[in-house]
Amino acid sequence: MAKCFSFTAARDWCYRYSFSNAGLRSSTTDLGDGTVMHVWVPKAHIQSKPTLVLVHGIGANAMWQWNDFISPLMSRFNVYVPDLLFFGDSYTTRPERSEQFQAQCVMRVMETHGVKIMSVVGISYGGFVGYSMAAQFKERVEKLVLCCAGVCLEEKDMDEGMFKVKSVDEAVSILLPQTPEKIRELMKISFYKPTKGLPSCFLNDFIHVMCTEYLQERKELIQALHKDRKLSDLPKITQPTLIIWGEHDQIFPLELGHRLKRHLGDNAELVIIKNAGHAINVEKPKELYKHFKSFLTDPLPPAKPGNYSNGHNTD
C-alpha cells in the first residue's frame, strides 16, 4: 500500500522554504565530542547589524516555532535559529541533559560561525537555555527575552499544586504526546482558545513525523529541568531582561513570571499579554514581535529604582 500524503512533512518543507526565502541557510556543525548542532544561519552576515539568537521550546523543530518572526526580524538583525539537542538535526552521544549543557552547545556552534556577541530570545524550554546562556556567558549575551519560561520553578511547586499535572511523568506524557488524545490535551493547556475538531489522522501524522524521534532523550531533558530545582540555586543575571507571559498560561502559570521579576529586580521588565496562553508565539505573534522590536532595538536608559513595572498588561 502506497504511503499516504503527510501534511506534517509538507508543512515542514514549506517552513524550510520560508526560512530559505527569508535569507537563511541550513548549517550542520560537528562539535567534535559526539555532538552535532544544526542551525539556520544568515546567507550573508552583515557586520553593521546586531545578532539575535532565537531558541525554541519543547515541541516540533525550531522552524515551526519561529517561522512567523523570521522575515520581520531579518531586516534588523543577523538571525540565527539553532535546533536544540534532540530536536531537528541536532543530537549528542554524550549523557548530559541539563539546560546548561544545551546553552554551552549553542554558544560553541555560534563561535564556529564567528559570532561573539548576541542577544537571545528563548520561548518556554528555550528560555531555560537562554537564561543559562546569559548566566554562563555574561560578556557575550547583551540582552535577553524570556517568553513563558518557568526558570524560577522549584521541585516543590509540583507537590504544592502549582501545575495542572500532578507529576513529572504526567507532564512528560502531555508535552511529548504519543496519541491524538494527548495532543488534544496539550493544545487545551497550551492555548487560550484551542483549535477544536482536528481529525485524528492529522494528529497521528504529526506524532509520527515530529514526536517519535529521540523520545527517551527528550523525556530526560524534561526530568532534568525539574529534579532538585531550587530558586536559591538560580543565578541572578545582570543583562537587561524582558519577561513576556501569557495571562492564561497553564503550563507555566503567571506566578512564575512574577517570581522571576522579583528575582531579577529592576534589571527586568515583565509584560503580560492578555487573552493568551502558553503558546504566545502562535496566538499573539504580532504583539510578541512588537515587544521584541521595542526592547531589542531601542537603547535602554540606565536602570533606576522603579524604572520597570512589576508587570503591565497589553491587549
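FYI, the numbering just counts along the sequence from 1. Side-chain atoms are counted along with the backbone in the values below, which use heavy atoms only and exclude waters and symmetry mates.
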Next on the checklist: Apply ring-ring contact (aromatic ring centres under 6.0 Å, His included) to residues W64 and F206 and explain how you reach the verdict.
Outcome noted: CA-CA 12 Å; W64 287 65; F206 181 83; 5.6 Å; yes

Next on the checklist: Any carboxylate oxygen within less than 4.0 angstrom of a Lys/Arg side-chain nitrogen, looking at K284 and D68?
Outcome noted: no

Checklist entry - Do M118 and Y80 come close enough that some side-chain heavy atom pair is under 4.5 Å? => result no

Item to check | Heavy-atom closest contact (M162 atom, P253 atom, distance) | outcome: O-CG, 3.5 Å

Item to check | pair I117-T51: side-chain heavy atoms closer than 4.5 Å | outcome: no

Checklist entry - Going by atom types only, do W40 and D83 share a side-chain donor-acceptor pair under 3.5 Å? => result no

Next on the checklist: Tell me whether D249 contacts the main-chain N or O of L254 through its side chain, where contact means a donor paired with an acceptor under 3.5 Å.
Outcome noted: no

Checklist entry - Just wondering, more than 12 heavy atoms not from K49 lying within 6.0 Å of its NZ? => result yes

Checklist entry - How far apart are the C-alpha atoms of D205 and S6, what are their side-chain angles, what is the distance that settles it, and do they pass the side chain to side chain donor-acceptor pair (under 3.5 Å) test? => result CA-CA 6 Å; D205 177 58; S6 169; 2.9 Å; yes

Next on the checklist: Tell me whether T35 contacts the main-chain N or O of L31 through its side chain, where contact means a donor paired with an acceptor under 3.5 Å.
Outcome noted: no

Item to check | Least distance between heavy atoms, P180 atom then I207 atom | outcome: N-CD1, 3.8 Å

Item to check | L231 and R259: CA distance, side-chain angles, deciding distance, side-chain contact (heavy atoms from CB on, under 4.5 Å) verdict | outcome: CA-CA 9 Å; L231 181 58; R259 186 187 290 178; 4.1 Å; yes

Checklist entry - Salt bridge between R140 and E111, side-chain N to carboxylate O under 4.0 Å? => result yes

Next on the checklist: So does A268 get a backbone contact from the side chain of K261, meaning a donor-acceptor N/O pair under 3.5 Å?
Outcome noted: yes

Item to check | Distance-only polar pair, side chains of Q104 and Q100, donor-acceptor under 3.5 Å | outcome: no

Item to check | Stepwise salt bridge (charged side-chain N to carboxylate O under 4.0 Å, His left out) test for K182 and E185 | outcome: CA-CA 5 Å; K182 286 298 181 183; E185 201 172 337; 3.5 Å; yes

Item to check | Residue pair T28 / D89, side-chain donor-acceptor N/O under 3.5 Å | outcome: no

Checklist entry - Can you check whether R229 reaches L234 side chain to side chain, under 4.5 Å on heavy atoms? => result yes

Checklist entry - So, K290 and E287, do they make that salt bridge, N to O below 4.0 Å? => result no

Checklist entry - Can we say K227 and E220 salt-bridge, meaning some charged N sits less than 4.0 Å from an Asp/Glu carboxylate O? => result no

Checklist entry - If you group Ile, Leu, Val, Met, Phe, Trp and Tyr by side-chain heavy-atom gaps below 4.5 Å, do Y192 and I123 land in one group? => result no

Checklist entry - Are any non-hydrogen side-chain atoms of F292 and C147 less than 4.5 angstrom apart? => result yes

Next on the checklist: Quick check: do L221 and Y214 have side-chain heavy atoms less than 4.5 Å from each other?
Outcome noted: no

Item to check | Side-chain heavy atoms of L296 within contact of K143, under 4.5 Å | outcome: yes

Item to check | Neighbour count above 12 (heavy atom, 6.0 Å) for K196 NZ | outcome: no

Checklist entry - Is there a side-chain contact between I244 and L146 (heavy atoms, below 4.5 Å)? => result no

Checklist entry - To the nearest 0.5 Å, how far apart are CE in M133 and NZ in K138? => result 13.5 Å

Checklist entry - So, R184 and S200: side-chain donor and acceptor under 3.5 Å apart, yes or no? => result yes

Checklist entry - Taking the side chain from Q178 and the backbone from C211, do they hold a donor-acceptor pair closer than 3.5 Å? => result yes

Checklist entry - Just checking, any donor-acceptor pair under 3.5 angstrom between side chains of H38 and S27? => result no

Checklist entry - Between E142 and S119, which heavy-atom pair has the shortest distance, and what is it? => result CB-OG, 4.0 Å

Checklist entry - Got a donor-acceptor contact below 3.5 angstrom from the T241 side chain to the Q239 backbone? => result yes

Item to check | Closest contact, heavy atoms only, L144 versus A134 | outcome: CD2-CB, 4.0 Å

Next on the checklist: If only side-chain N and O atoms count, and only distance matters, is there a donor-acceptor pair under 3.5 Å linking S167 with D169?
Outcome noted: no

Next on the checklist: Please give me the minimum heavy-atom distance between Q102 and L85, naming the atom from each residue.
Outcome noted: OE1-N, 2.9 Å

Checklist entry - Do the side chain of S190 and the main chain of L186 share a donor and acceptor less than 3.5 angstrom apart? => result yes

Checklist entry - Is there side-chain contact between L54 and I70, with at least one heavy-atom pair below 4.5 Å? => result yes

Next on the checklist: List the residues meeting side chain to side chain donor-acceptor pair (under 3.5 Å) with Y15, not counting sequence neighbours, and say none if there are none.
Outcome noted: R11

Checklist entry - If Ile, Leu, Val, Met, Phe, Trp and Tyr residues are connected whenever their side-chain heavy atoms lie under 4.5 Å apart, and connections chain through other members, are W13 and F5 in the same group? => result no

Next on the checklist: Under a 3.5 Å distance rule, please check whether K43 uses its side chain to pair with a backbone N or O of S20 as donor and acceptor.
Outcome noted: yes

Checklist entry - Could you give all pairs that pass the ring pair (Phe, Tyr, Trp, His ring centres under 6.0 Å) test and reach residues 88-137, with sequence neighbours left out? => result F128-F252

Next on the checklist: R262 vs E255, test: salt bridge (charged side-chain N to carboxylate O under 4.0 Å, His left out). Steps then yes/no.
Outcome noted: CA-CA 11 Å; R262 292 191 297 269; E255 166 54 29; 2.9 Å; yes

Checklist entry - Do S18 side-chain atoms and C14 backbone N/O form a donor-acceptor pair below 3.5 Å? => result no

Checklist entry - How are the rings of F69 and W66 set relative to one another: parallel (under 30°), tilted (30 to 60°) or perpendicular (over 60°)? => result perpendicular

Item to check | Transitive ILVMFWY side-chain link M74 to Y17, under 4.5 Å | outcome: no

